[in-house]
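Quick notes on the structure that follows.
Since the model is a prediction, treat every value here as computed from it, not as a measurement.
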Amino acid sequence: MISEYRLWRREIKRLFHKQCAICKVTSKLHAHHIVPKVVAPERILDLNNGICVCQNCHKELHALLKKDQSAYISKIDFLKGEYCVGVAC
């Protein structure tokens with residue numbers, strides 16, 4: 001049986017047409033939580049709290065989040081503007 005979390009990851013990738021929202025690569029994709037799980041555990045399965053990124057961009061997003069939250073938020077807002085993200089579309 002597939003877990004709800006696994007289904008969430010699969011759906012995030014589908015919503016982003018199975019490509020990285022940042023660099024458009026189509027391999028080594030991850031479903032990234034926009035608002036981190038530790039900050040909002042109630043949003044773990046929220047499709048509006050996910051973005052599809054490749055492994056490299058995922059690492060960069062986490063590094064940016066640790067270094068400069070304001071820059072992270074700006075980057076996410078920019079990406080959300082480029083995509084119709086999640087079920088709110």
Side-chain angles (χ1 to χ4, degrees):
M1 181 179 222
I2 297 176
S3 72
E4 288 182 65
Y5 186 65
R6 183 180 242 173
L7 289 172
W8 177 86
R9 291 189 327 230
R10 184 182 292 172
E11 186 63 10
I12 292 297
K13 292 173 187 178
R14 187 194 67 76
L15 287 169
F16 284 86
H17 309 289
K18 296 182 182 176
Q19 69 177 10
C20 177
I22 298 170
C23 72
K24 312 299 186 226
V25 77
T26 59
S27 62
K28 297 183 181 179
L29 297 175
H30 295 218
H32 172 72
H33 286 92
I34 295 167
V35 178
K37 295 178 283 192
V38 297
V39 173
E42 71 279 4
R43 295 191 66 193
I44 287 176
L45 300 176
D46 181 353
L47 293 175
N48 291 307
N49 189 37
I51 191 167
C52 182
V53 291
C54 70
Q55 184 175 0
N56 290 334
C57 291
H58 197 197
K59 287 179 186 176
E60 289 177 14
L61 279 178
H62 278 278
L64 184 60
L65 178 60
K66 287 179 184 177
K67 182 180 178 183
D68 185 348
Q69 273 190 322
S70 180
Y72 172 82
I73 291 167
S74 293
K75 184 157 192 113
I76 293 297
D77 286 346
F78 172 77
L79 292 170
K80 286 171 106 177
E82 287 198 339
Y83 286 87
C84 182
V85 178
V87 293
C89 299

Original post:
Is the count of non-hydrogen atoms from other residues, nucleotides or ligands lying under 6.0 Å from Glu4 atom CD greater than 12?
Top reply: no
Distance in Å, [X] [atom1] paired with [Y] [atom2], rounded so as to fall on 0.5 Å steps:
| X | Y | atom1 | atom2 | answer |
| --- | --- | --- | --- | --- |
| Glu60 | Lys67 | CD | NZ | 11.5 Å |
| Lys37 | Leu45 | NZ | CG | 10.5 Å |
| Lys75 | Ile51 | NZ | CD1 | 9.5 Å |
| Arg9 | Ser3 | CZ | OG | 6.5 Å |
| Lys24 | His17 | NZ | NE2 | 10.0 Å |

Original post:
With the 4.5 Å side-chain cut-off for hydrophobic clustering, are Trp8 and Ile44 part of the same group?
Top reply: yes
Subject >> Verify same cluster id: Val53, Val25 (apolar side-chain graph, 4.5 Å) >> reply: no
**OP:** Please name the pair of heavy atoms, one in Leu29 and one in Cys20, separated by the smallest distance, quoted to 0.1 Å.
**Re:** CD2-N, 3.7 Å
Original post:
Got Leu65 and Pro36 here, is their nearest side-chain heavy-atom distance under 4.5 Å?
Top reply: yes
Expected output: side-chain [X] to main-chain [Y] donor-acceptor under 3.5 Å:
| X | Y | result |
| --- | --- | --- |
| Asn49 | His33 | no |
| His32 | Gly50 | no |
| Tyr72 | Ile34 | yes |

Original post:
side-chain contact (heavy atoms from CB on, under 4.5 Å) with Cys52: which of Ile22, Ile12, Leu15, Thr26?
Top reply: Ile12
**OP:** Take Cys54 and Cys23 through the side chain to side chain contact (heavy atoms under 4.5 Å, CB included) test and state the conclusion after the steps.
**Re:** CA-CA 8 Å; Cys54 70; Cys23 72; 3.7 Å; yes
